[in-house]
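Remarks on the structure that follows.
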Amino acid sequence: MSGYIANEIEAKWQAAWNNAEVFKATRDESKPKYYVLEMFPYPSGRIHMGHVRNYTMGDVIARFKMSTGHNILHPMGWDAFGMPAENAAMAIGGHPKTWTYDNIADMRAQMKPLGLSIDWSREFATCDPEYYGQQQAMFIDMLGKDLIYRKKATVNWDPVDMTVLANEQVIDGKGWRSNAEVERRELTQWFFKISDFSEELLSALDGLENWPEKVRTMQANWIGKSRGLQFAFDLTTPTAGFDDIEVFTTRPDTLNGANFVGISPDHPLAKALEADSPEVAAFVDECRRMDTTEAAMEKAEKKGFDTGLTVQHPIYPDQTLPVWIANFILMGYGTGAIFACPAHDQRDLDFSRKYDLPVVDTFFALDNDTAVENTAFVPPKTEPVKWVNHFAGLDVATGQEAIDTTIDWCEAKNIGKGVTQFRLRDWGLSRQRYWGCPIPVVHCDTCGVVPEKKENLPIELPFDVSFDIPGNPLDRHPTWRDTPCPSCGKPAKRETDTMDTFVDSSWYFARFTSPHAKTPTDLDDAAYWMNVDQYIGGVEHAILHLLYSRFFARAMNITGHLPEKAIEPFNALFTQGMVTHEIYQTADAKGRPVYHLPEDVDLDTKTVTATGEALKIIPSAKMSKSKKNVVDPMSIIESYGADTARWFVLSDSPPERDVEWTASGAEASHKFLTRIWGLCDRIGKMQGGKASEDDALLRAMHHTITDVTAGIEGFAFNTSIAKIYGFANTLSKSDASQPTQKMAVKVLAQLMSPFTPHLSESIWAHQDGEGLITLAPWPVADPAMLIDDTVTLPIQVNGKRRSEIKVPADMPKDEVEKIALADQAVVKALNGGSPKKVIVVPGRIVNVVI
RNA sequence: GCGGGUGUGGCGGAAUGGUAGACGCGCCGGUUUUAGGUACCGGUUCCUAUGGAGUGAAGGUUCAAGUCCUUUCACCCGCACCA
């Protein structure tokens, strides 16, 4: 055995796996199937450490499951539509399609040397017409099942570039290129009826036992089920055709503390008032200049406009409340109108103090009836409080009891009705962009909006477009829009909106089961391979991507593209932490941020290497292509090999945690692998050894098998690796006999094989292992070798460790107690007295309480 | 702002409520080496050290708390057109 030259052995074993087609997935009813999927990448052009970490994790699972007798599906593809391709076309010329496919080729070439156990014959990109054509077919099917509809919705509009902006492209309320004040504009857009599934998507979360609790909680909060009261405030003077204002509240119990009724700037009444009043128009206009993001809305200063209108209190008819338009009320939630109760809602209180509106306490803490000043009293709904003159007769009750009582009371009095409300909104899928899946509908003057005929699919994107001016090139293409109406045949126009890229990623997992089918899925293949047994990806996808995929699986079931069992497509989910890195920023002539890749900067002088510009270094954040804070793993692979890179990305930090990338440490991983190689070589050449040392080595080996296996199964790869280090140290110091050492190093190679498959193959071959280690069955620990005869028990005095004793593992408690009390340290601490209490936890600890 | 998470030596981190700091990096010392590096062996939480303190901070529950509870601080993720 010569030295460890990673590049040589890695190419050799990858070729061997290829020739034996060991990773090709074929249906085999004789074995349990196991579908491992990592969230597929966006083809930015370069792989980064986050990718290496993500795919290595999936690979460890896939290889481990393969060696425990499973039939594996482990595919890879490309989430290839999206804005960066268009931005690149605008910035550097060229075409999004060539840019994207070139990037895919580059990234594939960087991924293949990692030696991942991927069935590359199933690879596809979402921008392949074969893929998005099937997506169009599903769109038509879903339209037929009433799962899609059109309505008006607000977008960010850049009045200078005359284009719709993504939230990401709005910086401090201004367009990222034009720097113009962004406006909100209403467009008619397509929507998936995901809100019809609110209850179902919420209740089904309970069944997702192998999902992280935090993800289920986040989804549940996002769906946001709440029960409340819907009722109307009658306007004292009917105005603009409105007699009343319908409101929804989750706290009807606080109705006697109401001090104003607030409506959204987008409320129909606000729009009606706007027409007659320049003041209203000015205020509403100002509100419409806000960012459309919820975070921006919530953080913005709370502002209101008194309409001068008043409404009657539904319970105390002689009371009237003013009607305000307020910028923090969302039209999309509830009825777009609320009543405020400042004593028990901080936002309402701040608003009321600002505009000098009265504050009425409706309940107090049991032991404190100080009136609310500048901090609203908002106890948990489970805490009993004292009610003041409550209309429903409440005295002492919790918030939840009060809500329930009040809803019943209001229903009985015909004031309103209890309703269940969800926060989840329908999913707007229209995008006014080129590089996405065209929405397959046609607008006909005679027939209206008509779905395209399936035989005309795919509706392909035209290639002859330019990106020299902003806006959607499909809109200004000379001929692409022209098409006969699928219904009447008269000349008509295609829809030029394309689909949200979340649509592409909401069903790719299903397509992998049959990537070349002439229908979206093949039901036999889907029935065999679904569900994904282990899905792995970033926690940043905890809500949107995963919720949309859960919806899509249901929609695909309804349209006949997935079996019933696949409506929850991911049996188990693991959310890995992100790889973070510092961000290097400069500014352009207009003061807008420009980002630089780590390899393009000089950290000693803190400048951009090429231009010498001074850098601003921003603390670590998620590696992202837009911030360019990405590290290229290729240099490690080139200098040390894929096994070192794989070992390194999993060795030091727990997979679910963020990891700050630092260059040091890769070398150490390589040293360890070289050491293992040398160890294997030495054992191959050694003779003799002491059979008396065999038992100790074998015991260590069986413990290691148990611990490494548990680490892999529990996604604690870093602890598996630590145990491998420990066993390697034991083995290298062992004097055990040659056959035992040989067996031990083979087991070591097997335990390492999911992490360092190439090195492991070489060791296996060198030690006369049979066939490929990749196909060898996983070692199983002998339970008899795990039981130790004696145990070391720490002795605590009052919870502090003072000593330890060695006792037989099966010694009865009272015997252990006697030995512990006779221990020098305990005798000294007792100082002639007797202990108050002695706690003996068998096999773990003894605590003497004095 | 709302929702979710994280916080332990110089660093990455380990620890079914039961010996805090496994394993690795770095550092220190030694052996080998012409030297450097490599390799190997030993040490390495801190302090006023026969003892004491210690898991972001403060309090609590417990025989026993990094782990459970309360309050608080800092950072990270998501917030519906980034993927």
Side-chain angles (χ1 to χ4, degrees), chain A residues 39 41-42 44 79 81-84 153 155-156 164-170 189 194 212-215 217-222 224 292-300 302 328 332 346-347 423-433 500-502 504-505 538-545 547-548 575 577-578 580 619-622 624-626 651-654 656-660 662 664-665 667-669 671-672 674-675 678 716 718-719 721-726 729 732 792-796 798-804 835-839 841 843-850:
Chain A
M39 290 180 185
Y42 180 82
S44 58
D79 188 12
F81 274 136
M83 294 199 306
V155 295
N156 298 309
V164 176
L165 298 177
N167 285 335
E168 188 191 53
Q169 297 171 316
V170 179
Q189 311 213 61
I194 189 172
E213 192 62 45
K214 63 174 174 185
V215 174
T217 306
M218 281 191 260
Q219 292 216 353
N221 289 335
W222 184 262
T292 54
T293 69
E294 196 182 300
M297 303 264 293
E298 294 281 337
K299 266 187 272 189
K302 308 297 174 281
F328 59 86
Q346 191 61 44
R347 189 168 56 184
R423 205 185 75 101
L424 180 64
R425 309 202 293 259
D426 279 335
W427 169 13
L429 69 116
S430 302
R431 296 292 181 271
Q432 295 70 41
R433 280 181 244 290
D500 178 9
T501 56
F502 271 122
D504 311 335
S505 56
V539 69
E540 66 272 27
H541 297 292
I543 297 176
L544 292 180
H545 162 62
L547 191 64
Y548 290 160
T575 53
M578 287 167 301
T580 61
S620 278
K622 172 174 76 161
S624 87
K625 55 201 165 293
S626 62
S651 60
D652 263 0
S653 55
E656 69 279 10
R657 201 121 93 189
D658 288 355
V659 55
E660 164 76 12
T662 54
S664 68
E667 202 182 329
S669 295
K671 273 186 203 170
F672 175 72
T674 307
R675 224 182 100 205
N718 53 325
T719 59
I721 285 177
K723 297 293 180 184
I724 289 170
Y725 270 108
N729 290 339
S732 64
T792 305
L793 292 184
I795 310 291
Q796 293 183 334
N798 288 341
K800 296 220 183 276
R801 185 182 175 281
R802 291 295 177 217
S803 182
E804 62 180 36
K836 274 189 201 156
K837 198 173 179 184
V838 179
I839 288 136
V841 183
R844 302 240 45 134
I845 204 164
V846 179
N847 190 9
V848 181
V849 186
I850 295 176

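Every value quoted in this text rests on a predicted model; they were computed, and no experiment measured them. Quick note: numbers below take in every heavy atom, side chains included, and nothing from hydrogens, waters or symmetry partners. Throughout, protein chains are lettered first and strands after them, A, B, ... in sequence-line order, and every chain is numbered starting at 1.
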Check side-chain hydrogen bond (donor to acceptor under 3.5 Å, both in side chains) between [X] and all other residues, then give those that pass, not counting sequence neighbours.
{"X": "N156(A)", "answer": "N167(A), T292(A)"}
{"X": "R423(A)", "answer": "E294(A)"}
{"X": "Q432(A)", "answer": "Q189(A), D497(A)"}

If I compare all heavy atoms of Y42(A) with all of G82(A), which pair ends up nearest, and what's the gap?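 Closest approach of Y42(A) to G82(A), heavy atoms only: OH-O, 4.2 Å.
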Of all the heavy-atom pairs spanning S732(A) and N729(A), show the shortest one and how long it is.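 Minimum heavy-atom separation between S732(A) and N729(A): OG-O, 3.0 Å.
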NA contact type, [X], heavy-atom cut-off 4.0 Å: base, sugar-phosphate, or nothing?
{"X": "I795(A)", "value": "nothing"}
{"X": "H545(A)", "value": "nothing"}
{"X": "G678(A)", "value": "nothing"}
{"X": "S430(A)", "value": "base"}
{"X": "Q169(A)", "value": "nothing"}
{"X": "V841(A)", "value": "base"}
{"X": "F502(A)", "value": "base"}
{"X": "V155(A)", "value": "base"}
{"X": "V164(A)", "value": "base"}
{"X": "P654(A)", "value": "sugar-phosphate"}

Whole-Å distance between [N] [atom2] and [X] [atom1]?
{"X": "F81(A)", "N": "C81(B)", "atom1": "CZ", "atom2": "P", "result": "18 Å"}
{"X": "Y548(A)", "N": "C82(B)", "atom1": "OH", "atom2": "C1'", "result": "13 Å"}
{"X": "R425(A)", "N": "G78(B)", "atom1": "CZ", "atom2": "C1'", "result": "14 Å"}
{"X": "F672(A)", "N": "C25(B)", "atom1": "CZ", "atom2": "P", "result": "10 Å"}
{"X": "H541(A)", "N": "C79(B)", "atom1": "NE2", "atom2": "C1'", "result": "15 Å"}
{"X": "R423(A)", "N": "C79(B)", "atom1": "CZ", "atom2": "P", "result": "11 Å"}

Using the side-chain contact (heavy atoms from CB on, under 4.5 Å) definition, which of the options V849(A), N847(A), V848(A) pairs with P835(A)?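 Among the candidates, only V848(A) passes.
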Set of salt bridge (charged side-chain N to carboxylate O under 4.0 Å, His left out) partners for [X], sequence neighbours left out:
{"X": "D500(A)", "result": "R431(A)"}
{"X": "R433(A)", "result": "none"}
{"X": "R801(A)", "result": "E804(A)"}

In dot-bracket notation, what is the pairing pattern of RNA chain B, taking Watson-Crick (N1-N3 plus N6-O4 or O6-N4) and G-U wobble (N1-O2 and O6-N3) contacts under 3.5 Å, with [ ] crossing and | for other strands? (((((((..(((.....[....)))((((((.......))))))(((...)))..(((((..]....))))))))))))....
Can you name the side chain to side chain contact (heavy atoms under 4.5 Å, CB included) partners of R347(A), sequence neighbours left out?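 Counting only residues at least two positions away or on another chain, R347(A) forms a side chain to side chain contact (heavy atoms under 4.5 Å, CB included) with E298(A), K302(A), F328(A), D345(A).
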If you compare every side-chain N and O of R657(A) against the phosphate oxygens of U6(B) (OP1, OP2), does one of them come in below 4.0 Å?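 No, outside the criterion.
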Looking only at side-chain N and O atoms, does S653(A) come under 4.0 Å of OP1 or OP2 in G13(B)?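 Indeed not, no polar side-chain atom of S653(A) lies that close.
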For nucleotides 1-5 of chain B, which of its nitrogen or oxygen atoms have a protein nitrogen or oxygen under 3.5 Å away, and what is each distance?
from	atom 1	to	atom 2	distance (Å)
G1(B)	O2'	E298(A)	OE1	3.4
G3(B)	O3'	N221(A)	ND2	2.8
G3(B)	O2'	N221(A)	ND2	2.9

Would you please name every residue forming a ring pair (Phe, Tyr, Trp, His ring centres under 6.0 Å) with F672(A), sequence neighbours left out?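 Partners of F672(A) by the ring pair (Phe, Tyr, Trp, His ring centres under 6.0 Å) criterion, ordered by chain and then number, come out as W647(A), Y725(A).
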How far, in whole Å, is [M] from [N] if one measures between their [atom1] atoms?
{"N": "U16(B)", "M": "A22(B)", "atom1": "P", "value": "15 Å"}
{"N": "U44(B)", "M": "G9(B)", "atom1": "C1'", "value": "10 Å"}
{"N": "G12(B)", "M": "C79(B)", "atom1": "C1'", "value": "31 Å"}
{"N": "G24(B)", "M": "G13(B)", "atom1": "C1'", "value": "9 Å"}
{"N": "A74(B)", "M": "G56(B)", "atom1": "C1'", "value": "7 Å"}
{"N": "A57(B)", "M": "U62(B)", "atom1": "P", "value": "23 Å"}
{"N": "G66(B)", "M": "G18(B)", "atom1": "C1'", "value": "13 Å"}
{"N": "U8(B)", "M": "C76(B)", "atom1": "P", "value": "15 Å"}

Between the protein and nucleotides 19-23 of chain B, which nitrogen or oxygen pairs are less than 3.5 angstrom apart?
from	atom 1	to	atom 2	distance (Å)
U19(B)	O2	R801(A)	NE	2.6
U19(B)	O2	R801(A)	NH2	3.4

For A57(B), measure the glycosidic angle (O4'-C1'-N9-C4 for a purine, O4'-C1'-N1-C2 for a pyrimidine) and name it syn if it falls within 90° of 0, otherwise anti.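 Anti, which is what one calls it when the glycosidic angle falls more than 90° from 0.
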Taking syn as any angle within 90 degrees of 0 and anti as the rest, which one fits G54(B)?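 Nucleotide G54(B) adopts anti.
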Reading RNA chain B from 5' onward, which residue's closest nucleotide shows up sooner: N798(A) or V846(A)?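 Between the two, 5'-proximity favours V846(A).
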RNA chain B: 5'-proximal contact among V848(A) and E656(A) (nearest heavy atom):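 Upstream on the strand: E656(A).
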Please confirm whether the backbone N or O of I194(A) pairs with a side-chain atom of D426(A), one donor and one acceptor, at under 3.5 Å?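 Side chain of D426(A) to backbone of I194(A): a pair is present.
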Is a side-chain N or O of Q796(A) found less than 3.5 angstrom from the main chain of R802(A), in a donor-acceptor match?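 Not a single qualifying donor-acceptor pair exists.
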Under 3.5 Å between N/O atoms: give me all the protein pairs with nucleotides 39-48 of chain B, atom names plus distance.
from	atom 1	to	atom 2	distance (Å)
C40(B)	OP1	R675(A)	NE	3.4

With distance as the sole criterion, do the side chain of N847(A) and the base of C63(B) form a donor-acceptor contact below 3.5 Å?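 Yes, the side chain and the base share a sub-3.5 Å donor-acceptor pair.
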Classify the side chain of E540(A) and the base of C82(B) as holding, or not holding, a donor-acceptor pair under 3.5 Å.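 Check fails, no donor-acceptor contact within cut-off.
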Atom pair NE2 (H541(A)) and CG (L547(A)), whose distance is rounded to the nearest 0.5 Å: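 If I round to the nearest 0.5 Å, the distance is 14.0 Å.
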